[in-house]
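Residue numbers begin at 1 in each chain, while the letters A, B, ... track the order of the sequences. Model, not experiment: these values are computed from the prediction.
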Amino acid sequence: MEDGSSRDTSVPDDAEQPSEDAEVNIAQEIFSQQEDPIFANKSLLEISHVPSFDRIVGRDNEIRKLSEELRGAVQGYSPENVIVYGKTGTGKSLVSKYVSSQAVANAHDDVRIGYEYLDCSTDNTETQAASTLARAFNDPEETGLDIPERGLSTAAYYKRLWQVLEQRYDVVLIILDEADLMADDNLLMKLSRAGESGNTDCRIGVIAISNKIEWAEDLNERVKSSLQPKELSFHPYDAQQLEEILQHRRDAFKPDVLDDGVIPLCAAYAASDFGDARKAIDVLRHAGNVAYERDADTVTEQHVKDARTKAEKDRFKELVEGIPQQAKASLLALAILSLNSEQEEFPTQLVYRQYQNICDNIGQDVRSERRFRDILKELAFLGIVDNRKENLGRSGGITLLNRLVEEPEIVYEIIRDDARFETLTNHLSES
DNA sequence: CATCCACCGGAAAGATGGGGCT
DNA sequence: AGCCCCATCTTTCCGGTGGATG
C-alpha cells in the first residue's frame, strides 16, 4: 500500500547470486505444484462465492415473499420497501441479490431497472453510502458525470445520485446489507423520500438487511412512516439444509477425497452455531486445508474437528493483528496483568496504569483515561475482552472490570509478534 | 436509609489528514 | 491557491450512577 522504498533490497538484476536462485526455486516449487491432492476448485468454498442460483437451498418461501414485494418494480411501478431479518449466514444477502437480479432480468422491455448492493459495514456513514451508490449506478459514458470517492459534501453526493438515477433508470432496487451498522437513519430517510421531495422521478425500492430484530423498532418514526417497510424474516438453516448446501459445493474437492462423515459433521457443527451456512462452509474449507497440510489422501472427520478449533484461532489472530496500535497496547496491558495474577478481572484504573507503563516502555504516546475507556469498549465490541460494570460503593464508585476472552498467553504472543512491541522489556509487570 | 465516592459515559470541540471545487 | 467538506481519533468538561458505608 505504501512506497516500497524500505524493503526490496534484494531486487537488483544480478542473477548469479546463488541465494536468490535458491529462493526462486523454493517459490517455484510451491507455485508450480500442479497436482493438488485435495482440492479441485477451491473458489467454490470462498465466502464471497455466490452459488448459481438454482442451487439456493431451502429458501423458496423467502424468495417467493420477497419477489412479491418487489413485483411492482418489474412493471416500472414503485416496489415495496422491505426489511429482511435473520441471523448471520441464513441467506439474506444471497436471496436479496438473487431476487433483485431476477427482477432486472424479467423487467418489461420499456422499463429501465437496476439494482445495487451496498455493504453498510464498509460504507457506514451517510456520505460514504451516497458516494458509493452514486458511483455504482453511474456510467460516466452515458451521463458525463464523474463521481469522486471523497471530497464532496454529503449534499453534493445526493445531488449526483439523483441525477444519475434520473438519467438512467425508471426503477432501482437498493440492497443495504447490515443496515443496522449505519451510523444514522439519514440515508434511509433520503432514499424513501427521494420521490416526494422531487429529487428524482426514479422509483426506489430499499431492501434493508439486518440481523438485529429490534432494529426496526429503533428506527426513527419519521423514517418508518416514509419508508413503510414490509418485514421478512429468515430462519436459520437446519442441519439437513446445511448438509445440502455443503453437498452443492462438493465439487470444490477432488472426487472421493471427502470421507462420508465429513459433510454431515460440518453441517452439524454449523447447525449448533445458529444455522450459519457461512460457518459450515468455512469449517469444510479449513478441514480441507488441514488435510492438505498433513499430506492426507482424504479429508476425515478428525480433520473437521481439528479445523474447527484452528479456524477460530486463525480468526482471533487476524482480529488482534488488525487492531490499532493503541488498542494493542491496551490489550497487552490486560494480558500482562492476567499473566501475573490469579484474578481474571481487573478494574479499568489498574489496566490503565499498566498501559501507561507499556507506552513509556516502548515510547508510544499515552492516551487520556477517557480515551482509554473507549478503547476498552471497542475491544469489548470486537469480542476480545469482556467488561462488566460493578459498583464498589462509597469507596470505589462504579468501575468496569475487564477480562480477556482468550487465554492471556495467546494474546501476549500475538501482540509481541508486532514489531513495534519487540523492544518491550520482558514481563514488566508487578504493580 | 441517606449519603457519598470516584468512576462511567455523553457531548462537544480540536487536531490531523483525506480530498474536490472554482 | 484558497476554500470547503468529511472521517477519525483524541481531549476536555461534566452530569449520572448505585451499592457500600456509617
Side-chain angles (χ1 to χ4, degrees), chain A residues 1-3 118-136 138 140 143-164 176 178-191 218 220 319-334 337 343 345-356 358-360 362-382 384-403 418 420 431:
Chain A
M1 309 261 159
E2 292 170 22
D3 66 83
L118 182 76
D119 183 356
C120 300
S121 65
T122 318
D123 293 321
N124 55 1
T125 68
E126 196 190 356
T127 314
Q128 283 171 347
S131 155
T132 304
L133 283 177
R135 219 162 330 101
N138 189 27
T143 60
L145 270 180
D146 248 350
I147 298 168
E149 274 194 59
R150 294 182 288 183
L152 300 193
S153 69
T154 309
Y157 279 115
Y158 277 121
K159 214 169 176 179
R160 300 200 184 184
L161 175 59
W162 305 143
Q163 273 182 46
V164 167
L176 302 177
E178 315 232 31
D180 46 311
L181 295 182
M182 208 66 190
D184 49 48
D185 303 336
N186 290 341
L187 177 70
L188 278 174
M189 184 76 182
K190 293 266 175 38
L191 289 179
D218 296 344
N220 191 316
L319 188 61
V320 171
E321 277 169 352
I323 63 179
Q325 197 176 175
Q326 287 291 348
K328 279 185 185 171
S330 312
L331 189 56
L332 186 59
L334 188 53
L337 285 175
Q343 295 155 17
E345 294 185 320
F346 304 90
T348 307
Q349 296 303 305
L350 194 59
V351 188
Y352 185 60
R353 256 171 265 136
Q354 181 69 56
Y355 157 80
Q356 286 175 310
I358 293 174
C359 290
D360 282 353
I362 65 169
Q364 173 176 310
D365 291 349
V366 179
R367 295 295 169 239
S368 70
E369 201 179 319
R370 179 67 188 84
R371 174 62 188 150
F372 184 74
R373 283 201 288 272
D374 278 344
I375 292 176
L376 283 179
K377 266 194 81 178
E378 283 158 23
L379 289 174
F381 180 77
L382 291 174
I384 301 175
V385 309
D386 235 10
N387 46 34
R388 181 170 67 82
K389 220 172 175 177
E390 189 167 296
N391 197 324
L392 273 45
R394 191 124 107 182
S395 57
I398 292 173
T399 192
L400 274 184
L401 294 176
N402 302 283
R403 187 173 65 82
D418 187 318
R420 287 168 301 204
S431 41

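- Taking every side-chain heavy atom of A/Q349 into account, B/dC8 is the closest of B/dG20, C/dT12, B/dC8.
- With distances taken from any side-chain atom of A/T125 to the nucleotides B/dC21, B/dC8, C/dT8, the minimum falls on C/dT8.
- One interatomic measurement links the two molecules: OH of A/Y157 to P of B/dG20, which rounds to 8 Å at whole-angstrom precision.
- Residues A/V164 and A/I147 are in side-chain contact: their nearest non-hydrogen atoms beyond the backbone lie under 4.5 Å apart.
- Checking the phosphate oxygens (OP1, OP2) of B/dG9, a side-chain nitrogen or oxygen of A/K389 falls inside 4.0 Å.
- Salt bridge annotation for A/R371-A/E369: absent, with no cationic side-chain nitrogen under 4.0 angstrom from a carboxylate oxygen.
- OP1 or OP2 of C/dA7 has at least one side-chain nitrogen or oxygen of A/T127 nearer than 4.0 Å.
- Using a 4.0 Å heavy-atom cutoff across all strands shown, A/I398 reaches at least one base atom of the nucleic acid.
- For A/R160 and A/L400, each mapped to the nucleotide of DNA chain B holding its nearest heavy atom, the one lying further toward the 5' end belongs to A/L400.
- Nucleotide B/dC4 holds its P atom 19 Å from the CG atom of A/L392, rounded to whole Å.
- Along DNA chain C, the nucleotide closest to A/I375 and the one closest to A/S395 are compared, and the more 5′ of them pairs with A/I375.
- Within the nucleic acid shown, A/R367 comes within 4.0 Å of sugar-phosphate atoms alone, with no base atom in reach, counting heavy atoms only.
- Between A/E126 and A/K190 a salt bridge is recorded (basic side-chain N to carboxylate O distance below 4.0 Å).
- For the pair A/N391 CG and B/dA6 C1', the interatomic distance rounds to 10 Å; values are reported in whole Å.
- Atom pair A/Q326:CD and C/dC9:C1' shows a separation of 10 Å (rounding to whole Å applied).
- If you check every strand for non-hydrogen atoms under 4.0 Å, A/E149 touches nothing.
- In this structure, CG of A/L376 is placed 16 Å from P of C/dC9, rounded to the nearest angstrom.
- Atom CZ in A/R150 sits about 8 Å away from atom P in B/dG20, given to the nearest Å.
- Counting to the nearest Å, the C1' atom of B/dA6 and the CG atom of A/L401 are 14 Å from each other.
- Within the structure, every side-chain polar atom (N or O) of A/T348 is placed at least 4.0 Å from both OP1 and OP2 of B/dC7.
- At C/dT11, one or more side-chain N or O atoms of A/S368 fall inside 4.0 Å of OP1 or OP2 (strictly under the cut-off).
- With hydrogens and angles left out, the side chain of A/R370 and the base of B/dG10 share a donor-acceptor pair within 3.5 Å.
- The CZ-P distance, from A/R371 to B/dA11, rounds to 17 Å in whole Å.
- With no hydrogens or angles considered, no side-chain donor-acceptor pair links A/Q128 and A/E149 at under 3.5 Å.
- Here the closest non-hydrogen pair linking A/R160 and A/D146 is NH1-O, 2.6 Å.
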